[in-house]
Amino acid sequence: MTARSTSTSPTTPTPNNLWIHEDGGRFFDDAVLQGAAFNRWGNSEAGMGIAAGDADLDLDLDLFVTHLITETNTYYRNLMLPGFEDATIESDLGAASLDLTGFGAAFFDADNDGDLDLAVANGAVKRRPAALAPPGGPGAAGSPEAAAIPGTATTPGSVGSPPAVRADYVEPNLLLINQGGRFTDASSEPPWTELGLSRALVPADLDRDGDLDVVIANLDGPPQVLRNLTIDNAAPPPLGANWLQIRAVDPRLNREAIGARMTVRTASGARLLHVLSSGGYLSTGPATAHLGLGAADAVASFDVVWPDGLAETFAGAAANQVVELIRGEGRPP
């Protein structure tokens, strides 16, 4: 499932599209009947970027769509047969975005605790009513106060100060931590307070330490790399920050099977993962699925449905490693 919103200008948003696949490789737009075309008040919104993931841990894909300033970003919770509901307010995902223009967004487990958090790249497309900081001033991208915080650190000098002509456009990015289905804004300290014209955002384990770092692409400046310190800050062995990375490979294609669906069974319940290249706006990332396990030290089994519908079950694995599931080597479910 995907959703898309287009607009002829920043002030004329149009409804989202939700394309449902039919037999024969054809799609039809069912966004209105599925509850994903408008927000809870029946309004169309700008629709800049999109993230998909099982944010409420009920084994289906929820959607998160970013929008322009004065519109909150919108969280569409998947209710399966009834379709989607706008759960932005109930999930505390509205207020943090009201004064920002969102582009790239991604669901990812930032703290390896077992649920999906959110990161959003922001940057205005027209002059803001009030600039957030003067060029090069306190809080601007690349300023000395961009120090490490628990959870993330910025690569020194990875973003330059915004030019004067962009001072009325730069905005901070967002990190939103999932706490039992409600999201807490964790963007009040550097590096998330740095200002820039951000667009694309991709989570990826760049240093291969078991937590997901974030790469952000910016206008008028180089990319920004935010290194995740979750594993660094955990006592060895990591307490409450265990993980697995899972490659679902189709040897006939000689690559990861984009679109495969995995149900991972642990002692605390089942988790849904999809083999998708993360990236919600003009970006893509690794297709390797990342699973935060919290304090769990193993998973019991993997159920995989490959893109053509073939289902297989694979044996479980210990935590803190990269696991490769190869089509044809599992057993019937």
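- Between Asp207 and Arg227 there is a salt bridge, since a side-chain N of the basic residue sits under 4.0 Å from a carboxylate O of the acidic one.
- Checked against ring pair (Phe, Tyr, Trp, His ring centres under 6.0 Å), Tyr281 has the following partners two or more places apart in sequence or in another chain: Phe103.
- Remark: Asp308 engages Arg252, Trp306, Leu310, Arg327 in a side-chain contact (heavy atoms from CB on, under 4.5 Å) (not counting sequence neighbours).
- With hydrogens and angles ignored, the 3.5 Å screen pairs a side-chain donor or acceptor of Asp54 with a backbone N or O of Leu59.
- Residues satisfying the side-chain contact (heavy atoms from CB on, under 4.5 Å) criterion with Ser187, sequence neighbours excluded, are Leu174, Leu175, Asp185, Trp192.
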- request: List the steps and the verdict of side chain to side chain donor-acceptor pair (under 3.5 Å) for Asp211 and Asn112.
  value: CA-CA 7 Å; Asp211 51 29; Asn112 280 359; 5.7 Å; no
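- Within a 6.0 Å sphere centred on CZ of Arg261, heavy atoms belonging to other residues, nucleotides or ligands number 12 at most.
- Looking at Thr74 and Asn39, their side chains never bring a donor and an acceptor atom within 3.5 Å of each other.
- Of the possible polar contacts, one joining the Asn218 side chain to the Pro222 backbone as a donor-acceptor pair under 3.5 Å is found.
- Residues Arg182 and Glu90 are not paired through a salt bridge, judged by the lack of any N-O separation under 4.0 Å between the basic side chain and the carboxylate.
- Without hydrogens or angle criteria, Glu171 side chain to Thr101 main chain gives a donor-acceptor distance under 3.5 Å.
- Every residue meeting the salt bridge (Lys or Arg N to Asp or Glu O under 4.0 Å) condition with Asp303, not counting sequence neighbours, appears here in chain and number order: Arg265.
- A single hydrophobic cluster is not seen to contain both Trp243 and Val323; linkage of ILVMFWY side chains at heavy-atom distances under 4.5 Å, directly or through other members, places them apart.
- Here Ala287 pairs with Glu256, Ile258, Val275, Ser277 under the side-chain contact (heavy atoms from CB on, under 4.5 Å) rule; sequence neighbours left out.
- The cluster map of Ile, Leu, Val, Met, Phe, Trp and Tyr, joined by side-chain heavy atoms under 4.5 Å apart, puts Leu100 and Leu118 in the same cluster.
- Between Arg166 and Asp220 a salt bridge is recorded (basic side-chain N to carboxylate O distance below 4.0 Å).
- In this structure a side-chain-to-backbone donor-acceptor pair under 3.5 Å is present from Arg271 to Gly292.
- Not a single donor-acceptor pair under 3.5 Å links the side chain of Ser198 to the backbone N or O of Gly123.
- Looking only at distances, no side-chain donor or acceptor of Asp113 sits under 3.5 Å from a matching main-chain atom of Gly240.
- Side-chain atoms of Arg128 come within 3.5 Å of backbone N or O of Asp99 as a donor-acceptor pair.
- Every residue meeting the salt bridge (Lys or Arg N to Asp or Glu O under 4.0 Å) condition with Asp56, not counting sequence neighbours, appears here in chain and number order: Arg77.
- Arg199 places no side-chain N or O within donor-acceptor distance of the main-chain N or O of Ala121, the cut-off being under 3.5 Å.
- The aromatic rings of Tyr75 and Phe107 sit perpendicular to each other, their planes meeting at more than 60°, with 30° as the lower class boundary.
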